[in-house]
A.B. asks: 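One structure coming up, written as C-alpha cells, with questions to follow.
Residues take their numbers from the sequence shown, with the count starting at 1.
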Amino acid sequence: MKVVSVVAAVIIRDSKVFATQRGYGPMRHMWEFPGGKIESGESPRQALEREIYEELGCRIAVEESLGTIHYDYPDFHLDMQCLRCSLDENEHLSLLEHEAARWLDSSTLMDVEWLPADLQILPAIKELLSLPSEPTP
C-alpha cells in the first residue's frame with residue numbers, strides 16, 4: 001500500500017484551534033488541520049511552514065510535536081505528523097485553498113465533520129484547549 005507522509009498544523013490561539021474545510025478531492029467538505037505533503041529533502045517543520053504559507057498566506061511558529069497519526073485509508077496509508085503552532089498577532093489567515101475555516105474551542109470541536117485521520121488527534125487537542133492559556137502580552 002502506498003504511504004503518504006504529511007504534516008498538520010495544530011494552530012492554537014486564545015484556547016481555540018484553527019480548522020479548515022477541504023475544497024477539493026474525494027473528501028471535499030470534510031474538516032482537517034491545514035498542512036500537506038512533505039517534499040523530498042524537507043524536514044517536517046520546513047514542509048509545514050511552506051504548506052501553511054501556500055494554503056493560508058501567513059507565517060507560523062512551529063512549537064512542538066503532538067505526535068504522529070497512522071491511518072489506513074482505502075487507497076493509501078497516511079503518516080501525519082501533528083505539530084503545535086502559533087501565529088504572530090500581526091499575521092492574518094487567508095483561505096487560498098480551503099472552502100471555509102473556523103476557530104473551535106473544546107465545546108465546539110466536534111461541531112464539524114472531521115477527516116478520519118484528524119479525528120485521532122482530537123482527544124489530545126481537547127486536553128490542550130482545556131489548559132489555562134497564558135495571557136497575550
A.B. asks: Are the side chains of L87 and C58 in contact, using a 4.5 Å heavy-atom criterion?
C.D. replies: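 Heavy-atom side-chain distance check passes, below 4.5 Å.
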
A.B. asks: Under the side-chain contact (heavy atoms from CB on, under 4.5 Å) criterion, do V7 and I38 qualify, and how do the steps go?
C.D. replies: CA-CA 7 Å; V7 284; I38 301 171; 3.7 Å; yes

A.B. asks: Please report the shortest heavy-atom distance between A9 and I52, naming the atom on each side.
C.D. replies: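 Taking A9 first and I52 second, the nearest heavy atoms are CB-CD1, 3.8 Å.
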
A.B. asks: If hydrophobic clusters are built by linking Ile, Leu, Val, Met, Phe, Trp and Tyr wherever their side-chain heavy atoms come under 4.5 Å apart, do I60 and L83 end up in the same one?
C.D. replies: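 Shared cluster, yes.
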
A.B. asks: Any non-hydrogen side-chain atom of I69 less than 4.5 Å from a side-chain atom of C82?
C.D. replies: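 Yes, side chains in contact.
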
A.B. asks: For residues E42 and A47, report the shortest heavy-atom separation together with the two atoms involved.
C.D. replies: OE1-CB, 3.3 Å

A.B. asks: Is I121 reachable from Y73 through a run of I, L, V, M, F, W or Y residues, each pair having side-chain heavy atoms under 4.5 Å apart?
C.D. replies: yes

A.B. asks: Is the shortest side-chain heavy-atom distance between S86 and I12 below 4.5 Å?
C.D. replies: no

A.B. asks: One pair to check against side-chain contact (heavy atoms from CB on, under 4.5 Å): Q21 and V112. What are the steps and the verdict?
C.D. replies: CA-CA 9 Å; Q21 186 178 36; V112 298; over 6 Å; no

A.B. asks: Is there side-chain contact between H77 and K2, with heavy atoms separated by less than 4.5 Å?
C.D. replies: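 Sidechains of K2 and H77: no contact.
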
A.B. asks: In Å, rounded to the nearest 0.5 Å, how long is the span from CE of M110 to CG of L122?
C.D. replies: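 So the gap between those two atoms works out to 6.0 Å.
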
A.B. asks: Return the minimal non-hydrogen interatomic distance between Q81 and P44, and the atom names on each side.
C.D. replies: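 That closest heavy-atom pairing would be OE1-CG, 3.4 Å.
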
A.B. asks: Which pairs, with at least one residue in residues 36-67 and sequence neighbours excluded, count as a ring-ring contact (aromatic ring centres under 6.0 Å, His included)?
C.D. replies: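 Not a single pair qualifies under ring-ring contact (aromatic ring centres under 6.0 Å, His included).
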
A.B. asks: Flag yes if L78 and L48 sit in one hydrophobic cluster, no otherwise; membership is Ile, Leu, Val, Met, Phe, Trp, Tyr, and two members link when side-chain heavy atoms are under 4.5 Å apart.
C.D. replies: no

A.B. asks: Sort and list the pairs that fulfil ring-ring contact (aromatic ring centres under 6.0 Å, His included) and have at least one residue in residues 8-39, not counting sequence neighbours.
C.D. replies: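 Matches after skipping sequence neighbours: F18-W103, F33-W114.
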
A.B. asks: Verify, without hydrogens or angle tests, whether S65 (side chain) and G67 (backbone) share a donor-acceptor contact under 3.5 angstrom.
C.D. replies: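 A pair under 3.5 Å: yes.
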
A.B. asks: Hey, is E99 close enough to R28 for a salt bridge, meaning N to O under 4.0 Å?
C.D. replies: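 Salt bridge: yes.
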
A.B. asks: Under the salt bridge (charged side-chain N to carboxylate O under 4.0 Å, His left out) definition, can you give me all pairs with a residue in residues 102-123, not counting sequence neighbours?
C.D. replies: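 Those involving residues 102-123 do not exist here.
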
A.B. asks: Hey, could you give me each pair passing salt bridge (charged side-chain N to carboxylate O under 4.0 Å, His left out) that has a residue in residues 53-80? Not counting sequence neighbours.
C.D. replies: R50-E54, E63-R84, E64-R84

A.B. asks: I'd like to know if the side chain of E91 and the backbone of D88 have a donor-acceptor N/O pair within less than 3.5 Å.
C.D. replies: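 Side chain of E91 to backbone of D88, a donor-acceptor pair under 3.5 Å: no, none is there.
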
A.B. asks: With salt bridge (charged side-chain N to carboxylate O under 4.0 Å, His left out) as the rule and sequence neighbours excluded, what pairs involving residues 15-26 come up?
C.D. replies: R22-E32

A.B. asks: Honestly curious: do L115 and L66 fall in one hydrophobic cluster under the side-chain, below-4.5 Å linking rule?
C.D. replies: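 Both belong to a single hydrophobic cluster.
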
A.B. asks: Between I11 and V17, is the side-chain contact (heavy atoms from CB on, under 4.5 Å) condition met? List the steps.
C.D. replies: CA-CA 6 Å; I11 303 170; V17 67; 5.8 Å; no

A.B. asks: Kindly indicate, with the supporting measurements, whether the criterion side-chain contact (heavy atoms from CB on, under 4.5 Å) is fulfilled by C85 and V10.
C.D. replies: CA-CA 6 Å; C85 304; V10 178; over 6 Å; no

A.B. asks: Return the minimal non-hydrogen interatomic distance between P116 and M30, and the atom names on each side.
C.D. replies: CD-CE, 4.2 Å

A.B. asks: Where is the tightest heavy-atom contact between G57 and L96, given as atom of each residue plus distance?
C.D. replies: N-CD1, 3.7 Å

A.B. asks: Run the side chain to side chain donor-acceptor pair (under 3.5 Å) test against E97 and tell me which residues pass, sequence neighbours left out.
C.D. replies: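 Checked E97 against side chain to side chain donor-acceptor pair (under 3.5 Å); zero matches.
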
A.B. asks: When you measure from the side chain of E127 to the backbone N and O of P123, does any donor-acceptor pair fall under 3.5 Å?
C.D. replies: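 Not confirmed, E127 side chain does not pair with P123 backbone.
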
A.B. asks: Indicate, with yes or no, if L104 and I125 share a hydrophobic cluster defined by side-chain heavy-atom contacts under 4.5 Å among Ile, Leu, Val, Met, Phe, Trp and Tyr.
C.D. replies: yes

A.B. asks: Do Y71 and V4 come within less than 4.5 Å of each other through their side chains, counting heavy atoms only?
C.D. replies: no

A.B. asks: Please check this pair: side chain of Q46 against backbone of S43, looking for a donor-acceptor N/O pair closer than 3.5 Å.
C.D. replies: yes

